[in-house]
Colleague: 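The structure under discussion is supplied below as structure tokens; questions concerning it will follow.
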Amino acid sequence: QVQPVESGGGLVQPGGSLRLSCAASGNLFSINYMYWYRQAPGKQRELVAAITSGGTTSYADFVKGRFTLSRDNAKRMAYLQMNNLKPDDTAVYYCRFGATGSWGQGTQVTVSS
């Protein structure tokens with residue numbers, strides 16, 4: 001089972017940028033999809049973006065044009081570049097390898113002036 005560890009969150013002003021990282025322990029050989037989710041206070045966890053092992057990406061409408069997901073299979077890392085952040089982006093962000101993979105602890109992103 002691949003265990004993800006998220007990092008890179010923090011406090012940023014509206015319009016600012018952050019880059020989240022996800023490190024994977026374990027063998028990713030049989031895992032194609034990797035996902036970023038987020039969960040805001042009082043809300044359900046929602047899918048933000050996904051990427052295949054070949055680098056094909058898809059994004060939720062609310063982040064299209066602002067977030068970019070990438071991965072480095074050799075380093076077992078994935079990255080979520082978040083630009084033009086908005087207060088509504090405030091949430092705990094989680095990464096996940098595979099549709100039924102383990103959840104990490106998440107990393108808090110707070111967008112506030």
Side-chain angles (χ1 to χ4, degrees):
Q1 187 80 338
V2 176
Q3 184 64 41
V5 177
E6 304 92 342
S7 62
L11 173 63
V12 64
Q13 291 187 342
S17 298
L18 281 174
R19 187 193 193 210
L20 305 185
S21 298
C22 176
S25 62
N27 193 340
L28 298 179
F29 179 75
S30 62
I31 297 176
N32 186 12
Y33 280 89
M34 179 270 166
Y35 307 90
W36 278 97
Y37 288 79
R38 71 185 187 186
Q39 186 166 18
K43 295 186 177 181
Q44 288 190 330
R45 194 168 297 187
E46 59 185 359
L47 180 63
V48 174
I51 187 169
T52 69
S53 58
T56 300
T57 54
S58 59
Y59 300 93
D61 286 344
F62 51 80
V63 302
K64 276 183 182 176
R66 301 188 298 123
F67 290 14
T68 302
L69 177 54
S70 61
R71 65 191 283 178
D72 185 330
N73 294 325
K75 295 182 179 179
R76 299 203 301 269
M77 294 289 296
Y79 308 97
L80 185 67
Q81 177 67 42
M82 307 187 296
N83 298 327
N84 191 23
L85 283 161
K86 305 175 181 180
D88 284 349
D89 295 319
T90 295
V92 179
Y93 284 71
Y94 301 88
C95 62
R96 193 182 202 187
F97 291 89
T100 59
S102 298
W103 294 106
Q105 294 298 308
T107 185
Q108 175 71 48
V109 172
T110 302
V111 184
S112 175
S113 56

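Just so you know, residue 1 is the first one in the sequence shown, and it goes up from there.
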Colleague: Looking at S113 and P14, what are the two nearest heavy atoms and their distance?
Modeller: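 So the minimum-distance heavy-atom pair works out to N-CD, 3.7 Å.
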Colleague: Search all heavy atoms of V111 against all heavy atoms of T90 and return the closest pair with its distance.
Modeller: N-OG1, 2.9 Å
Colleague: Working to the nearest 0.5 Å, report the span between OG1 of T68 and CE of M82.
Modeller: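 It is 11.0 Å, given to the nearest 0.5 Å.
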Colleague: Look at the side-chain heavy atoms of Ile, Leu, Val, Met, Phe, Trp and Tyr, link any pair under 4.5 Å apart, and say whether Y94 and L20 land in one connected group.
Modeller: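 Y94 and L20: separate clusters.
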Colleague: Hey, any chance L80 and V5 share a hydrophobic cluster, counting ILVMFWY side chains that come within less than 4.5 Å of each other, even indirectly?
Modeller: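 L80 and V5: separate clusters.
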Colleague: Is there a continuous path of hydrophobic side-chain contacts, each under 4.5 Å between heavy atoms, that joins Y37 to I51?
Modeller: no
Colleague: Please report the shortest heavy-atom distance between V92 and Q108, naming the atom on each side.
Modeller: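 Looks like CG2-OE1, 3.2 Å.
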Colleague: Just how far is it from atom CG of N84 to atom OG of S17, taken to the nearest 0.5 Å?
Modeller: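 Result: 8.0 Å between the selected atoms.
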Colleague: What pair of heavy atoms forms the shortest contact from K64 to Y59, and how long is it?
Modeller: CE-O, 3.3 Å
Colleague: On a heavy-atom basis, which atom in Q3 and which in G104 lie closest, and how many Å separate them?
Modeller: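 Closest approach of Q3 to G104: NE2-CA, 4.0 Å.
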Colleague: Parallel under 30°, tilted from 30 to 60°, perpendicular over 60°: which one fits the rings of Y93 and F67?
Modeller: tilted
Colleague: Could you measure the distance from the CG atom of L47 to the CZ atom of R38? Nearest 0.5 Å is fine.
Modeller: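 One finds 10.5 Å between CG of L47 and CZ of R38.
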Colleague: Nearest 0.5 angstrom please: T107 OG1 to W36 CH2, how far?
Modeller: 7.0 Å
Colleague: Could you tell me whether the side chain of E6 and the main chain of A23 form a donor-acceptor pair under 3.5 Å?
Modeller: no
Colleague: Please work out which of the three classes, parallel, tilted or perpendicular, describes the rings of Y35 and Y33, given edges at 30° and 60°.
Modeller: parallel
Colleague: What's the spacing between C22 SG and M77 CE if we round to 0.5 Å?
Modeller: 7.0 Å
Colleague: Is it the case that over 12 heavy atoms from other parts of the model lie below 6.0 angstrom from the CD atom of Q105?
Modeller: no
Colleague: Show the nearest heavy-atom pair for residues S102 and R96, with the distance to one decimal.
Modeller: O-CG, 3.7 Å
Colleague: Out of the candidates Q44, E46, R45, only one should pair with Q39 under the side-chain hydrogen bond (donor to acceptor under 3.5 Å, both in side chains) rule; please name it.
Modeller: R45
Colleague: Taking V109 as the starting point, is it possible to reach V63 by hopping between hydrophobic residues whose side chains are less than 4.5 Å apart?
Modeller: yes
Colleague: If we ignore hydrogens and angles and just use 3.5 Å, is the side chain of N73 paired with the main-chain N or O of S53 as donor and acceptor?
Modeller: yes
Colleague: Using the rule that Ile, Leu, Val, Met, Phe, Trp and Tyr join whenever any side-chain heavy atoms are under 4.5 Å apart, tell me whether V2 and L69 fall into a single cluster.
Modeller: yes
